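What follows is a short report on a single structure.
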Number of protein chains: 2
Amino acid sequence: MPETDDARASGELRIENAHRELLDQVLDKWSLSVLNELCERPCRFNDLRRAIPTVTQKSLTATLRRLERNGIVEREVVSSRPVAVEYRITPLGKTMRRPVDVLLEWATAHMPEIERARDAFDDGLD
Amino acid sequence: MPETDDARASGELRIENAHRELLDQVLDKWSLSVLNELCERPCRFNDLRRAIPTVTQKSLTATLRRLERNGIVEREVVSSRPVAVEYRITPLGKTMRRPVDVLLEWATAHMPEIERARDAFDDGLD
DNA sequence: CAGAATCCTTCACGATACTG
DNA sequence: CAGTATCGTGAAGGATTCTG
């Protein structure tokens with residue numbers, strides 16, 4: 001299914017469509033927050049809503065479905081009185097933790113530098 | 001590396017607004033492709049267009065401006081005959097390489113597993 | 001409790017045309 | 001060559017309402 005792009009292999013990691021598509025699915029607006037919660041403990045739907053107060057129900061549902069489809073989280077329906085649904089991170093989901101951590105560490109470490117760059121840019125506009 | 005998967009102790013990976021905002025700026029649709037090119041060599045505008053054939057001029061301009069504002073790439077105007085503009089990666093930009101590589105390595109390594117998960121999900125729809 | 005269904009606004013992105 | 005300017009569209013996401 002991936003069209004063979006001409007062999008302009010740059011020796012390093014190339015960004016393919018599949019990469020881009022995957023990152024869009026698992027690194028989107030709310031996924032990291034959800035993953036962060038589920039890495040610590042299984043959560044029910046409303047647990048997640050409380051943990052991430054700014055997410056809407058619709059977006060949370062969509063995020064969870066997407067993550068579930070990609071095998072990152074698991075959904076279990078507990079047939080109790082008022083239905084309970086528990087979300088858990090999968091083993092595959094746990095493997096995301098390291099790359100995400102590295103990313104966030106980078107972001108945290110370089111935030112000041114980046115803010116200075118923004119100020120300089122916005123100020124002078126070259 | 002170390003286990004003790006005590007999530008609380010190990011990863012203070014809280015997602016803050018600033019994190020989210022930054023990732024949106026530097027991990028957007030085209031940034032990784034641009035970074036990938038500029039990591040290898042300085043490029044002129046049309047070099048980048050050729051290297052990333054699917055990007056439109058408008059999106060490429062926007063991407064470059066965004067990366068420049070965040071201090072990730074540098075823009076130099078060479079006052080030659082028809083104006084030449086060279087884009088280069090900055091030292092700050094180079095520090096992005098490792099987190100991005102880790103991310104792409106993860107994506108590459110787990111792609112098959114993820115595709116199986118997608119197929120299973122789309123098939124059964126549980 | 002855990003969503004589904006609707007409506008609505010924003011805006012990212014593409015397509016196209018023009019310019020110093 | 002390296003953009004800017006405009007227009008148009010689809011999709012993401014918020015707000016709100018309803019339900020098994």
Side-chain angles (χ1 to χ4, degrees), chain A residues 15 17 19-35 37-38 41-70 73-89 121 125-126, chain B residues 15 17 19-34 37-38 41-70 73-88 121 125-126:
Chain A
I15 318 297
N17 291 339
H19 281 134
R20 195 56 267 167
E21 187 198 336
L22 177 54
L23 296 188
D24 286 340
Q25 301 244 327
V26 299
L27 251 60
D28 70 294
K29 187 169 184 183
W30 299 110
S31 289
L32 293 191
S33 298
V34 170
L35 262 300
E37 291 304 318
L38 294 185
R41 64 186 183 286
C43 281
R44 309 245 297 267
F45 190 80
N46 282 332
D47 290 341
L48 288 170
R49 291 191 71 175
R50 274 185 292 275
I52 313 166
T54 47
V55 72
T56 63
Q57 167 269 320
K58 180 184 176 183
S59 296
L60 181 55
T61 302
T63 300
L64 287 168
R65 285 283 178 284
R66 209 162 33 234
L67 292 177
E68 188 193 358
R69 187 173 107 92
N70 285 275
V73 308
E74 226 174 11
R75 188 183 117 109
E76 188 195 357
V77 179
V78 181
S79 303
S80 53
R81 276 190 283 139
V83 175
V85 176
E86 204 174 71
Y87 290 95
R88 288 187 304 277
I89 192 147
F121 185 92
L125 275 180
D126 263 35
Chain B
I15 316 297
N17 291 340
H19 280 135
R20 195 57 266 168
E21 188 197 338
L22 177 54
L23 296 189
D24 285 340
Q25 300 245 327
V26 299
L27 250 61
D28 70 295
K29 186 169 186 186
W30 300 109
S31 288
L32 294 192
S33 298
V34 168
E37 291 303 318
L38 294 186
R41 63 184 184 288
C43 281
R44 308 245 297 264
F45 189 80
N46 282 332
D47 290 340
L48 288 170
R49 291 192 70 175
R50 273 185 294 274
I52 313 166
T54 47
V55 72
T56 63
Q57 137 280 153
K58 180 183 175 181
S59 297
L60 182 54
T61 302
T63 301
L64 287 168
R65 284 285 178 282
R66 210 162 31 233
L67 292 177
E68 189 193 357
R69 187 174 105 92
N70 285 275
V73 308
E74 224 175 11
R75 188 183 117 110
E76 188 196 357
V77 180
V78 180
S79 303
S80 54
R81 234 324 247 138
V83 178
V85 177
E86 206 173 71
Y87 291 95
R88 289 186 304 276
F121 185 92
L125 274 180
D126 269 15

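Since we're looking at a predicted model, the values are computed, not measured. Values below: every heavy atom of this structure, side chains too, minus hydrogens, waters and symmetry copies. We name chains A, B, ... by the order of the sequence lines, and we start the count at 1 in each one.
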Without decimals, in angstroms, what is the distance between A/R75 CZ and C/dG3 C1'? 8 Å
Measure from CZ on A/F45 to C1' on D/dG20 and round the result to the nearest Å. 15 Å
Nearest-angstrom distance from the residue atom CZ of A/R65 to C1' of D/dG13: 17 Å
side-chain hydrogen bond (donor to acceptor under 3.5 Å, both in side chains) against A/T56, all qualifying residues, sequence neighbours excluded: A/S59
Just checking B/R44: base, sugar-phosphate only, or nothing, at a heavy-atom cut-off of under 4.0 Å? sugar-phosphate
Between residues 51-61 of chain A and DNA chain D, which residues have a heavy-atom gap below 4.0 Å? A/T56, A/Q57, A/K58, A/S59
Tell me if a side-chain donor or acceptor on B/R20 pairs with a main-chain N or O of A/D28 at a distance below 3.5 Å. yes
Think B/Y87 has a side-chain N or O under 4.0 angstrom from the OP1 or OP2 of D/dC1? no
Is any side-chain N or O of B/K29 closer than 4.0 Å to OP1 or OP2 of C/dG14? yes
Please report, rounded to the nearest Å, how far the P atom of C/dC13 is from the CZ atom of B/R49. 16 Å
Taking the side chain as C-beta and beyond, is there a heavy-atom pair between B/F45 and B/V85 under 4.5 Å? no
Give a yes-or-no answer on whether the side chains of B/S33 and B/E37 include a donor-acceptor pair shorter than 3.5 Å. no
Would you mind reading off the distance between B/L64 atom CG and C/dC13 atom C1', rounded to a whole angstrom? 15 Å
Starting at the 5' end of DNA chain D, which residue's closest nucleotide do you reach first, A/V83 or A/W30? A/W30
Measure the shortest side-chain to side-chain distance between A/R49 and A/N46 over non-hydrogen atoms and say whether it is less than 4.5 angstrom. yes
I need the CZ-P distance between A/R81 and C/dC1, as an integer number of Å. 12 Å
How far apart are the C-alpha atoms of A/W30 and B/I15, what are their side-chain angles, what is the distance that settles it, and do they pass the side chain to side chain contact (heavy atoms under 4.5 Å, CB included) test? CA-CA 9 Å; A/W30 299 110; B/I15 316 297; over 6 Å; no
Please test A/R75 against A/L64 for side chain to side chain contact (heavy atoms under 4.5 Å, CB included), starting from the C-alpha separation and ending with a verdict. CA-CA 9 Å; A/R75 188 183 117 109; A/L64 287 168; over 6 Å; no
Just how far, in rounded Å, is C1' of C/dC13 from CG of A/D24? 13 Å
If I take atom CZ in residue A/R66 and atom C1' in nucleotide D/dA11, what distance separates them, rounded to the nearest angstrom? 12 Å
